[in-house]
Protein chains: 2
Amino acid sequence: MNTPSLDETRNCLCLAARRAARSITRQFDEALRPHGLRSTQFSALAALSLAGPNTIKELAGILGADRTTMTRNLGVLEAEGLVSVQRGKDARERIAEITATGRRRIEAALADWQAVQQRVAESMGEAAAGSLRAIAWSRDD
Amino acid sequence: MNTPSLDETRNCLCLAARRAARSITRQFDEALRPHGLRSTQFSALAALSLAGPNTIKELAGILGADRTTMTRNLGVLEAEGLVSVQRGKDARERIAEITATGRRRIEAALADWQAVQQRVAESMGEAAAGSLRAIAWSRDD
DNA sequence: TCTCTAAACGTGCATATACACTTAAAAGAT
DNA sequence: ATCTTTTAAGTGTATATGCACGTTTAGAGA
């Protein structure tokens, strides 16, 4: 094992991943801004809309974020009335559910979401898009 | 143009990019923790080390982040004595430079960085790694 | 020189992110 | 039934991120 050189850090996959995410996020955020939604918020609403009511832990799993991050992100959405969070039968759990307002909000944003999605997809190409999705949904424990 | 369906959001590239970045960042952060560095800090130090003293704007360009984000990230590094920020001849500019302490810090972390880098690279495969880098460094203005 | 514009930067604000630690409740063990 | 362990979640703290807005300085033009 030889001493690693600083020069190798030019290939850093963490920087690459973060750079890519920031750039893509900025584009989605800009497209969603007229609807009062951030990328992260859009994702959370979409997940709740598709998966139905879910615990915070499960939701965090779906979005690949930390549980405590999910707690706070849901807090913002709840404050805006886009999501409601209630105790479940198991009193330890908190069930998050999209509200009618939230549903209207995300549906109103859908056309603009699709536009950026398509633009970004074309910009990176099918192969890259496939790779990105594969990385995002690979097991990593 | 037909009405977009909520179901299509399962393919959202923004979620994919953010999921991937979070997962990869967590792995790098864990590996760098013993050295008291976060992924972002490692990247900034590496960039300063390789590119030499640079203005905040240029540095932000290199790392693909917002200028104001760079200002604050450098503040953290400066507070730890890993970076020094000084006025340039052009008094509008602020030149950031890695300190001797900063250089020692990143060099001490290099072996552990290389280890995660390799592990993550193998986990995603060469093709995906190439795609990720291509996305990260593509023009996007 | 005076003025106007453009460039680089800082700050306020809001959100996102996650680790360490704590709390509460359910489930399991004896 | 009581004690212990496991599970779900909240909180404190720190960093990261970027938009809107304001400030300072350099440079260009009159």
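Proteins come first, then strands; the chains are lettered A, B, ... in the order of their sequence lines, and each starts at number 1.
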Close residues, residues 29-53 of chain B, relative to DNA chain C [heavy-atom separation under 4.0 Å]: B:R33
Closest approach of [X] and [Y], non-hydrogen atoms and distance?
| X | Y | result |
| --- | --- | --- |
| A:A96 | A:L59 | CB-CD2, 4.4 Å |
| B:E30 | B:P34 | O-CD, 3.5 Å |
| B:E8 | A:W113 | O-CH2, 3.4 Å |
| A:L37 | A:I106 | CD1-CA, 4.5 Å |

To the nearest angstrom, how far is [X] atom [atom1] from [N] atom [atom2]?
| X | N | atom1 | atom2 | answer |
| --- | --- | --- | --- | --- |
| B:D66 | C:dG10 | CG | P | 12 Å |
| B:K89 | C:dA7 | NZ | C1' | 18 Å |
| A:M70 | D:dT11 | CE | P | 16 Å |
| B:L63 | D:dG18 | CG | C1' | 15 Å |
| B:L59 | D:dG18 | CG | P | 14 Å |
| B:L77 | D:dA14 | CG | C1' | 14 Å |
| A:F28 | D:dT17 | CZ | P | 19 Å |
| B:Q27 | C:dT17 | CD | C1' | 16 Å |

ILVMFWY network linking A:V85 to A:V76, side-chain heavy atoms under 4.5 angstrom: no
Common cluster, A:I98/B:L6, ILVMFWY with side-chain heavy-atom separation under 4.5 Å: yes
Which residue lies more 5' along DNA chain D, comparing A:S23 with A:V85 via nearest heavy atoms: A:V85
Backbone N/O of A:R19 and side chain of A:S23: donor-acceptor pair under 3.5 Å: no
Check whether any side-chain nitrogen or oxygen of [X] sits under 4.0 Å from OP1 or OP2 of [N], and answer yes or no.
| X | N | answer |
| --- | --- | --- |
| B:T69 | D:dA16 | no |
| A:R18 | D:dT17 | yes |
| A:R72 | C:dA16 | no |
| B:N73 | D:dT15 | no |

B/S/- contact track for nucleotides 4-9 of chain D, protein heavy atom under 4.0 Å: ---BSB
No-H, no-angle donor-acceptor pair, B:T68 side chain to C:dC9 base, under 3.5 Å: no
Whichever of A:R87 and A:E80 has its nearest DNA chain C nucleotide further upstream toward 5': A:E80
A:C14/B:F42 under side-chain contact (heavy atoms from CB on, under 4.5 Å): CA gap, chis, key distance, verdict: CA-CA 10 Å; A:C14 189; B:F42 180 90; over 6 Å; no
Criterion side-chain contact (heavy atoms from CB on, under 4.5 Å) on B:M70 and B:L63, from CA distance to verdict: CA-CA 9 Å; B:M70 206 61 243; B:L63 300 176; 3.7 Å; yes
Check against salt bridge (charged side-chain N to carboxylate O under 4.0 Å, His left out), A:K57 and A:E93: CA-CA 9 Å; A:K57 182 189 177 69; A:E93 295 179 344; over 6 Å; no
